[in-house]
2 protein chains.
Amino acid sequence: MNDTSTPYFEELNDELVVVFNNVMWIEEAALKQSYFSDITLKDMHTIDAISMYSEKSASQVAKMIHLTPSAMTTAIDRLVDKGYIERRRSDKDRRVVRLGLTHKGRVVYRAHQEFHRDLTHNLLKDMQESEIQTVRRAIHNLVSYLRNVRNIKGEPWNI
Amino acid sequence: MNDTSTPYFEELNDELVVVFNNVMWIEEAALKQSYFSDITLKDMHTIDAISMYSEKSASQVAKMIHLTPSAMTTAIDRLVDKGYIERRRSDKDRRVVRLGLTHKGRVVYRAHQEFHRDLTHNLLKDMQESEIQTVRRAIHNLVSYLRNVRNIKGEPWNI
DNA sequence: TGATTTATTTCGATAGTCAAACTAAATTGT
DNA sequence: ACAATTTAGTTTGACTATCGAAATAAATCA
């Protein structure tokens with residue numbers, strides 16, 4: 001069937017717009033009210049890209065979150081000053097800066113993950129296994145489409 | 001059942017994170033490559049808040065998109081200069097500025113709506129009516145939850 | 001009418017971004 | 001081996017978006 005013909009298409013579309021236009025803002029606001037009010041959502045994404053265990057170079061992280069190298073440098077400065085991440089020069093190649101989370105960084109990282117797990121938990125509220133499969137398929141459709149848009153544009157992307 | 005126990009929870013969660021972390025960026029990038037490369041996604045949200053028919057005051061729009069009045073003023077200046085919106089002093093109350101879209105503004109507005117309808121269309125790809133209902137329920141769950149978070153924080157919100 | 005409230009604007013300060021120039025280290029070609 | 005090139009990151013200067021505080025202007029209230 002043509003899925004745009006369902007009577008619920010408009011309603012669903014409107015709610016999706018609400019979600020997309022507001023998740024970021026809510027995330028930002030939640031952060032401001034938390035113990036970690038000194039970082040922005042963009043900072044959080046930097047921390048998220050560095051992630052728990054694997055050390056990444058500054059330029060790897062820059063690509064993942066679509067920042068230029070110079071903007072990455074100042075973003076790192078900020079987060080180092082605030083005590084969330086560490087900068088270490090690689091021994092193998094002394095040009096590269098390896099990034100890692102400090103204890104404080106790991107704490108926010110986990111809190112942020114928890115925020116997202118909460119969202120997913122609530123998305124699936126009161127759903128049966130078969131329904132969860134359907135939702136999973138829908139989200140997977142969306143990710144595939146976005147991946148595709150990215151390829152058309154020929155830009156790097158952090159998926 | 002406890003929905004966090006489904007074996008697909010982690011997978012779904014990861015994909016959702018991908019969607020949230022990237023939709024904004026993709027939207028931004030798509031805009032940059034379009035005919036409307038002179039506006040940012042934030043500008044687009046301003047245009048979206050003004051919307052097609054109902055004229056809104058500057059402060060109403062500011063609240064909807066979580067900008068301070070002063071930031072709203074300069075955002076409006078920007079978009080007036082670029083020819084997307086119009087500023088008209090209300091006759092009823094000459095303090096208030098009523099905002100409306102120009103022809104150009106209405107064109108981007110529709111293009112942006114089309115972008116979102118595309119997302120929804122792809123979310124529902126190859127789904128049957130009953131499955132669409134399930135997805136709709138899931139998204140509705142999420143919106144309710146976000147609305148709730150907003151209320152807890154006691155902040156205004158544009159839903 | 002004078003005081004207060006409301007809607008918006010202006011101003012000064014700050015933060016984040018980019019592009020271009022630069023430094024330092026590694027790699028390549030001869 | 002070593003000069004030229006490439007790569008990784010930093011610095012600098014310019015620009016834009018944002019905020020908070022003060023200013024302006026219009027409406028409303030006592």
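Per chain, numbering begins at 1; letters A, B, ... match sequence-line order.
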### Query
Any idea which heavy atoms bring A:Val135 and B:Ala138 closest together, and the distance?
CG2-CB, 3.7 Å

### Message
Of the options C:dT9, D:dC19, D:dT10, whose atoms approach the side-chain atoms of B:Thr68 most closely?
### Response
D:dC19

### Query
Has B:Ser57 got a side-chain N or O lying under 4.0 Å from the OP1 or OP2 atom of C:dA7?
no

### Task
Determine: side-chain N/O of A:Arg78 to OP1/OP2 of C:dT14, distance under 4.0 Å, yes or no.
no

### Between P of C:dC18 and NE2 of A:His66, the distance in whole Å
11 Å

### Task
For B:Arg89, answer base if it contacts any base atom (sugar-phosphate contacts may also be present), sugar-phosphate if it contacts only those atoms, and nothing otherwise; contact means non-hydrogen atoms under 4.0 Å.
sugar-phosphate

### Query
Can you tell which of D:dT18, C:dT10, D:dG9 lies closest to the side chain of B:Leu67?
D:dT18

### Query
Within this structure, what is the NZ-to-C1' distance between A:Lys82 and C:dA15, rounded to whole angstrom?
9 Å

### Task
Describe the nucleic acid contact of B:Thr40 in one word from base, sugar-phosphate, nothing, applying a heavy-atom distance below 4.0 Å.
nothing

### Message
I want to confirm an ordering. Mapping A:Asp93 and A:Asp43 to their closest nucleotides on DNA chain C, which one lands closer to the 5' end?
### Response
A:Asp43

### Query
Taking C-beta and beyond as the side chain, do A:Glu15 and B:Ile139 meet within less than 4.5 Å on heavy atoms?
yes

### Message
Using the salt bridge (charged side-chain N to carboxylate O under 4.0 Å, His left out) definition, which of the options A:Glu131, A:Glu10, A:Glu11 pairs with B:Arg136?
### Response
A:Glu11

### Message
Nearest whole Å is fine: how far is C:dT8 P from B:Asp77 CG?
### Response
13 Å

### Task
Whole angstrom is fine here: how far is it from NZ in A:Lys92 over to C1' in C:dA24?
20 Å

### Query
For the pair made of CG in A:Asp81 and C1' in D:dT10, what is the distance, rounded to whole Å?
15 Å

### Task
Rounded to the nearest angstrom, tell me the gap between atom NE2 in A:His45 and atom P in C:dT17.
12 Å

### Task
Could you tell me whether the side chain of B:Arg95 has a donor or acceptor atom within less than 3.5 Å of a complementary atom in the base of C:dT6?
yes

### Query
So what does B:Ser70 touch, heavy atoms closer than 4.0 Å: a base, only the sugar-phosphate, or nothing?
base

## Note on the structure
Comparing nearest nucleotides in DNA chain D, the 5'-proximal residue of the pair A:Ala71, B:Arg94 is A:Ala71

### Task
Please state whether the phosphate of C:dA15, meaning OP1 or OP2, lies under 4.0 angstrom from any side-chain nitrogen or oxygen of A:Lys42.
no

### Query
Choosing from D:dT10, D:dA8, C:dT8, which nucleotide comes nearest the side chain of A:Val96?
D:dA8

### Message
For B:Ala75 versus B:Leu67, what's the shortest heavy-atom pair and its separation?
### Response
CB-CD1, 4.3 Å

### Query
Roughly, in whole Å, what's the span from CZ in A:Arg87 to C1' in D:dA8?
12 Å

## Note on the structure
Rounded to whole Å, the CG-C1' distance (A:Leu99 to D:dA8) equals 12 Å

#### Entry: Contact check, side chains of B:Glu27 and B:Met44, non-hydrogen atoms, under 4.5 Å
no

